[in-house]
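This report concerns only the one structure given below.
Here the structure is a predicted model, which means the values were calculated and not measured.
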Amino acid sequence: MTKAHIAADPTSRILGWYDRHHRDLPWRISPPMAARGERADPYRVWLSEVMLQQTTVQAVKSYFALFTAKWPTVTDLAEAETEEVMKAWAGLGYYARARNLKKCAETVAFTHGGRFPDTEDGLKQLPGVGDYTAAAIAAIAFDRQAAVLDGNVERVISRLHAIDAPLPGSKGMMRGLVAAMTPARRPGDFAQAMMDLGATICTPKRPACVLCPLNDACVAPVSDDPQRFPVKAAKKEKPVRLGAAFVATDETGAVFLRKRPGHGLLGGMTEIPNTDWTARQDGATGADAAPFAAAWQNCGTVVHVFTHFELRLTVFRSTVSRTAATGPGWWEPEETLDGEALPSVMKKAIKQAMPEAFRPRPRTTEIEKAHTP
DNA sequence: AAGACGTGGTT
DNA sequence: TAACCAAGTCT
């Protein structure tokens, strides 16, 4: 048996490619260290995987640095105030992840003695940990031979086999194909290698097939256009929703804020008063929909695109006496606005009404500097 | 099982 | 610029 013949095994080729071309990321252990038996901290693997759900590596980096500095262990996170966690997560999106992150930390810290379950099934019981994340943690942190299937791997596998069946229906079949490739030795490196391959070589547009370690095993480039895969079900049209938002300031520039309900869109996050727009309902768009009477000035409209609808928000501003504000809420000084649990759409609306808000503060810590989403 | 659920970067 | 996309999960 020749060396070339051994190297033709796709799994070995991917691992060899990973040894040479792996990305260095803050939550990873490099292949040489992994070869010496070192493993990534399960807490850091879990935290990074949850942050990376539907989110780019670039966006995650500063949040990961902030979270691990503030809360070095899962018990630290479990003991944190929920509001502090939501503040730290603000801007990352998909806020149910943050709510589940906190619940999961509490479960691990208080009912599992501070240690993550070390099997796929055990991990999948945790809030916010689904098929992908359970497999990823099991493989990367605990050396389990788990089949890790994410968007990157779906792309690689669908091209490798030129799979015409559309996602998400073809997911089960793809998981079987990944399982067949996943080695007993280095399953974590294999999973990360497949994801790196999808992220850097087997990209959605213009894949670099000439540089791919699976080039001569891959069906797509010879029989087909690789960019055609993976085949996905057609997307639905995004409806436009309308609403109004109200920036009330006092004489000092403090802004009146409220807390959103704990579930649903932007659940658990902070907001300025606004009309009741949801995924299925327009809100009123005029000053007559304001939470309390004031001389509201129309500041124009901001457009914000959510996953399943586009929001056009008319923004109003008024300077009022604090006694004018009614209903639950509080006055937040302009200087500390930036540290609040404000989703991007709310920051955008506030900025529309008061461009002076969110200016860089003169005195910031190193961690806060690193954390500028 | 299909829809809810964010955001910012790239093409 | 409008469309598409990025390491999914929950209900």
Would you list the protein and nucleotides 3-5 of chain B atom pairs, both N or O, that sit under 3.5 Å from each other?
| unit_1 | atom_1 | unit_2 | atom_2 | d |
| --- | --- | --- | --- | --- |
| B:dG3 | OP1 | A:Lys236 | NZ | 2.0 |
| B:dG3 | OP2 | A:Lys236 | NZ | 3.0 |
| B:dG3 | O3' | A:Arg280 | NH2 | 3.3 |
| B:dA4 | OP1 | A:Arg280 | NH2 | 3.1 |
| B:dC5 | OP1 | A:Leu265 | N | 3.3 |
| B:dC5 | OP2 | A:His308 | NE2 | 2.9 |

Between the protein and nucleotides 9-11 of chain C, which nitrogen or oxygen pairs come in under 3.5 angstrom?
| unit_1 | atom_1 | unit_2 | atom_2 | d |
| --- | --- | --- | --- | --- |
| C:dT9 | OP1 | A:Gly130 | N | 2.9 |
| C:dT9 | OP1 | A:Thr133 | N | 3.0 |
| C:dT9 | OP1 | A:Thr133 | OG1 | 2.6 |
| C:dT9 | OP2 | A:Asp131 | N | 3.4 |
| C:dT9 | OP2 | A:Tyr132 | N | 3.2 |
| C:dC10 | OP1 | A:Gly128 | N | 2.5 |

Taking only nitrogen or oxygen atoms into account, show me every contact under 3.5 Å that the protein makes with nucleotides 9-11 of chain B, one pair per line with its distance.
none

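A cation-pi arrangement, defined by a distance under 6.0 Å to the six-membered ring centre and an angle within 45 degrees of its axis, is absent between A:Lys351 and A:Phe358. The cationic group of A:Arg39 does not satisfy the cation-pi geometry with A:Trp46, failing either the under 6.0 Å distance to the six-membered ring centre or the 45° limit from the ring axis.
Between A:Phe246 and A:Phe316, the ring planes lie parallel to each other; the angle is under 30°, not in the 30° to 60° tilted range. Under the 30°/60° scheme for interplanar angles, the aromatic rings of A:Phe64 and A:Trp27 are found to stand perpendicular. Note on ring orientation: taking the six-membered ring where Trp is involved, the planes of A:Phe67 and A:Trp89 are perpendicular (angle over 60°, cut-offs 30° and 60°).
Of the possible donor and acceptor atoms, one in the side chain of A:Arg155 sits under 3.5 Å from a partner among the backbone N and O of A:Gly198.
Look at A:His304 and you'll find a side-chain N or O under 4.0 angstrom from OP1 or OP2 of B:dT7. Side-chain N/O atoms of A:Lys235 include one lying less than 4.0 angstrom from OP1 or OP2 on C:dC5.
Evaluated for a salt bridge (charged side-chain N to carboxylate O under 4.0 Å, His left out) with A:Asp164, the options A:Arg159, A:Lys232, A:Arg228 yield exactly one hit, A:Arg228. For the pairing with A:Thr119, the side chain to side chain contact (heavy atoms under 4.5 Å, CB included) check across A:Gln125, A:Lys124, A:Arg144 returns one residue only, A:Arg144.
Rounding to the nearest 0.5 angstrom, the gap separating the CE atom in A:Met195 from the CG atom in A:Asp150 is 5.5 Å.
Looking at A:Thr55, its side chain has no donor and acceptor atom pair within 3.5 Å of the base of B:dG8.
C:dA6 atom C1' lies 14 Å from atom CG of A:Leu25, rounded to whole Å. Remark: P of C:dA6 and CD of A:Glu49 are 16 Å apart, rounded to the nearest angstrom. Between the C1' atom of C:dA6 and the CG atom of A:Leu52 lies a distance of 9 Å, rounded to the nearest Å.
Taking 4.0 Å as the cut-off between side-chain N and carboxylate O, A:Lys259 and A:Glu271 do not count as a salt-bridged pair.
Looking at heavy atoms from C-beta onward, A:Gln192 lies out of side-chain contact with A:Val148 at the 4.5 angstrom threshold.
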